[in-house]
S.K.: 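My questions will all concern the structure given below.
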Protein chains: 2
Amino acid sequence: MTDRPSPQGGASRSPTIYDVAAAAGVAPSTVSRAFSRPGRVNAATAERIRQVAAELGYHANPLARALPTGRTTLIACVIADIANPVFAEIVIGAQKAAREAGYLILLVDAQESDQLERESLERTLPAVEGIVLASSRMSDSAIRMIAKQRPLIVLNRVVSDVTSLVNDDMDGMRQAVQHLSELGHRTITYLSGPEASWASGVRWRALHEAASELGVRVHRTGAYPPTVAGGLQAAAELGRPKSSAVIAYNDQMAIGLMRGLQAAGIQVPRELSVVGFDNISGSELVTPELTTIAAPARIQGHTAVRTLLAEVGDSQAHPGKSAILPTRLVVRQSTACRRRTPPAARACETPAP
Amino acid sequence: MTDRPSPQGGASRSPTIYDVAAAAGVAPSTVSRAFSRPGRVNAATAERIRQVAAELGYHANPLARALPTGRTTLIACVIADIANPVFAEIVIGAQKAAREAGYLILLVDAQESDQLERESLERTLPAVEGIVLASSRMSDSAIRMIAKQRPLIVLNRVVSDVTSLVNDDMDGMRQAVQHLSELGHRTITYLSGPEASWASGVRWRALHEAASELGVRVHRTGAYPPTVAGGLQAAAELGRPKSSAVIAYNDQMAIGLMRGLQAAGIQVPRELSVVGFDNISGSELVTPELTTIAAPARIQGHTAVRTLLAEVGDSQAHPGKSAILPTRLVVRQSTACRRRTPPAARACETPAP
DNA sequence: AGCTGGACGGCAAGCGATTGCCATCTATTG
DNA sequence: CAATAGATGGCAATCGCTTGCCGTCCAGCT
């Protein structure tokens, strides 16, 4: 009660440990310890300090704390394109895990540019304790370079010596192919995403493999932008596809494709079955509802941050570990029996649209 | 070239101005000035310093810089629920504007909790230069409190003495009512969002006013959660609505409503016209495509950050200014002529679904 | 020639915390 | 009762950068 820092007055700069120390009649170091080192200070003293601090409205300045310790409680989350719902989901999960651990998310939108990504990261690096890289456009070596300076985890991509977290696209693809195969489809077209996309390559390879196991033929078409517009474009250029089923790189493309097809008078799923990838929210809102391979994006973001934080804590990093998240096929209405298939074909109880 | 900080070696801590100073044979202060005070240092010297710095891979530590200056180049963006596409759009716009000004976005998800929001903000406050509050759950006075400490802008809400940026819901509503009126609808039901939502109240009042101007009657129903599930729930509870048209608080609810209605065998727009709010991406992907009042969320985020940054720079803040962003009705397929309306009614060339 | 002022660099004091080390004091032990 | 360990608090250095102030040097002016 000695000197009131005018709590209602103008923007008198916020109180520091020195103010609290003075008001409580102790040394600043004691104030610091009262907060960050419980037990190191007499319980009664600590209590009094906390009391005074509360009265003064004291809050530790995170910057000042971070300078000597390096603990910024900040995680960078680098996203190629925030507009993509998948990444939004990842951010949601990451944000949640971060909050649970008292961390904050620094959102970096790389805008699909490797240049921008590298620069932002360089600037951001000293201020964060760890990095989540979702769909990075950077080269493997650039990523490894960064990983040397801070704990880092890449999503949906494998980079040697770097911790990563990928979806089991392989298995998801297998489920999709099996599903289509059971519906009588003998040929599947893959609508591929951008060349630069690691995931698109993986998905294609997975499809190829799963298909050959099940005796299904595959074609590939694309690359198209991984957006609804890309799917529309594909529909326009493809005309009436040769195969009776299409698996798209992602849901947006699948949705675009369906719309384009419908506009051209081709019925989904009667004439063509369509499968998407990711199970974005909205994929169940289109007509017909989209059959898709669900990737646990939110869980992925959450797990990524948890893993990262574990590394941050453990001091002796053991990066390079890779975890795989399960995927599962969500069957909805955009897939159906191949036409002119013998009615005897089993497993053809798809609900009519 | 005196002492190589082992650029390829282990995690030797990153170089500081002292390292650069030593290598360049100048004082640390000169290095600092070479970067942050162009002209204050001899051009040749500055060039040499930059040279050496580049060789050493020097990057200013943003934390250390921020401590004495307060310039963190960080903007907090507080969102009630990141999963909501409208907020995602706002974040995208904000992020873009931030990046253009060399700022970074600190993403805070308040998870619809005023408690959480206040706490996070308290922790975050000292580390950011400004705050964007989208759909805050905090009280006006709490917001004013914070606004005293940092430049702050609220979105879609008006708080006295605080800068704000709202959409012209009033005008959007008027357009929607006019549209429905021209289609022959005489009664409109408002499907309202959460009680706590400032925007929902505004939209209802706007509807009420616009309707009375145009001689249309209105009902109100709700509150429901502002989600697809909320819309579904509304559909289930409402049964067959009395009125021939519904305006929902937002697109998600409108979409949920349409699905619920369709599931119950009520056709949209034949039997009931539905209008949404926001024009989220996806509203044009549902069937029928949703007629909606488009709010420029991305632009809003962008403008918010630009406005905020202007305040940050101008030192003598002049908060309290409110800007209004235009909205516009996007007519798609979910609205049509009221049934049993005389065919003479004009402006009824809605495309058949 | 003497003086003045601008350009350029350096010194050193912060910014607000953390923390290793030391000084005291008290309680415990032999 | 002396010696010692443990508890508690303070001192001061440190994190990396900014910046006010001062000193030096040289050019231009009278």
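To find a chain, count down the sequence lines: A is the first, B the second, and so on, and within it residues start at 1.
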S.K.: Taking N or O atoms only and anything under 3.5 Å, show me the protein contacts with nucleotides 10-12 of chain C, one pair per line.
M.R.:
{"unit_1": "C:dG10", "atom_1": "OP2", "unit_2": "B:A27", "atom_2": "N", "d": "2.8"}
{"unit_1": "C:dG10", "atom_1": "OP2", "unit_2": "B:T30", "atom_2": "OG1", "d": "2.6"}
{"unit_1": "C:dG10", "atom_1": "N7", "unit_2": "B:R33", "atom_2": "NH2", "d": "2.8"}
{"unit_1": "C:dG10", "atom_1": "O6", "unit_2": "B:R33", "atom_2": "NH1", "d": "3.3"}
{"unit_1": "C:dG10", "atom_1": "O6", "unit_2": "B:R33", "atom_2": "NH2", "d": "2.6"}
{"unit_1": "C:dC11", "atom_1": "N4", "unit_2": "B:S29", "atom_2": "OG", "d": "3.2"}

S.K.: Rounded to whole Å, please give me the gap between CZ in A:F35 and C1' in D:dG9.
M.R.: 16 Å
S.K.: Could B:E119 and B:R123 be called an ion pair, given the rule that one side-chain N must be under 4.0 Å from one carboxylate O?
M.R.: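 Looking at B:E119 and B:R123, the cut-off is not met.
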S.K.: Hey, is the side chain of B:R37 poking within less than 4.0 Å of OP1 or OP2 on D:dT19, counting only N and O atoms?
M.R.: yes
S.K.: Using the test salt bridge (Lys or Arg N to Asp or Glu O under 4.0 Å), find all partners of B:D81 that sit at least two apart in sequence or belong to another chain.
M.R.: none
S.K.: Looking at the side chain of A:R65, which of C:dT18, D:dG9, D:dC17 is the nearest nucleotide?
M.R.: C:dT18
S.K.: Output the rounded distance in Å from CD1 (B:I17) to C1' (C:dC15).
M.R.: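 In whole Å, C:dC15 C1' and B:I17 CD1 are 14 Å from each other.
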S.K.: So, OP1 or OP2 of C:dG9: does either fall under 4.0 Å of a side-chain N or O from B:T45?
M.R.: yes
S.K.: If you draw a 6.0 Å radius around CG in A:L325, do more than 12 non-hydrogen atoms from other residues or ligands fall strictly inside?
M.R.: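 Check passes, neighbour count above 12.
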S.K.: Output yes when at least one side-chain N/O atom of B:N42 is less than 4.0 Å from OP1 or OP2 of C:dC8, else no.
M.R.: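 Answer yes for this pair, as a side-chain N or O of B:N42 is under 4.0 Å from OP1 or OP2.
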S.K.: Any donor and acceptor pair, going by atom type alone, linking the side chain of A:R157 with main-chain N or O of A:S136 inside 3.5 Å?
M.R.: yes
S.K.: Should A:H302 and A:E100 count as side-chain neighbours, where that means a heavy-atom distance under 4.5 Å?
M.R.: yes
S.K.: What's the CG-C1' distance between A:N61 and C:dG14, to the nearest Å?
M.R.: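 Taking atom C1' of C:dG14 as the reference, CG of A:N61 is at 14 Å.
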S.K.: To the nearest angstrom, how far is A:H59 atom NE2 from C:dA17 atom P?
M.R.: 12 Å
S.K.: Does B:A60 reach a base, just sugar-phosphate, or nothing at all? Heavy atoms under 4.0 Å.
M.R.: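 Sugar-phosphate: the residue B:A60, judged by heavy atoms under 4.0 Å, touches backbone atoms but no base.
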S.K.: Consider only side-chain N and O atoms of A:Q149 and B:S14, and report whether a donor and an acceptor are under 3.5 Å apart.
M.R.: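 No pair is found: no donor N or O on one side chain lies under 3.5 Å from an acceptor on the other.
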S.K.: Closest-nucleotide mapping onto DNA chain C: is B:P68 or B:G39 further toward the 5' terminus? I mean the 5' end.
M.R.: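 First, find each residue's nearest nucleotide; the 5'-ward one identifies B:G39.
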S.K.: Report the distance from atom CG of A:L67 to atom P of C:dG16, rounded to the nearest whole Å.
M.R.: 12 Å
S.K.: Within the modelled atom types, does a donor on one side and an acceptor on the other bring the side chain of A:Y18 and the base of C:dC15 under 3.5 Å apart?
M.R.: no
S.K.: Closer than 4.0 Å, any side-chain N/O of B:Y58 to the OP1 or OP2 of D:dC17?
M.R.: yes
S.K.: Pick base, sugar-phosphate or nothing for B:T69, based on heavy-atom distances below 4.0 Å to the nucleic acid.
M.R.: sugar-phosphate
S.K.: For atom CG of B:L116, decide whether the heavy atoms of other residues, nucleotides or ligands shown that lie under 6.0 angstrom number more than 12.
M.R.: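 Count over threshold, so yes.
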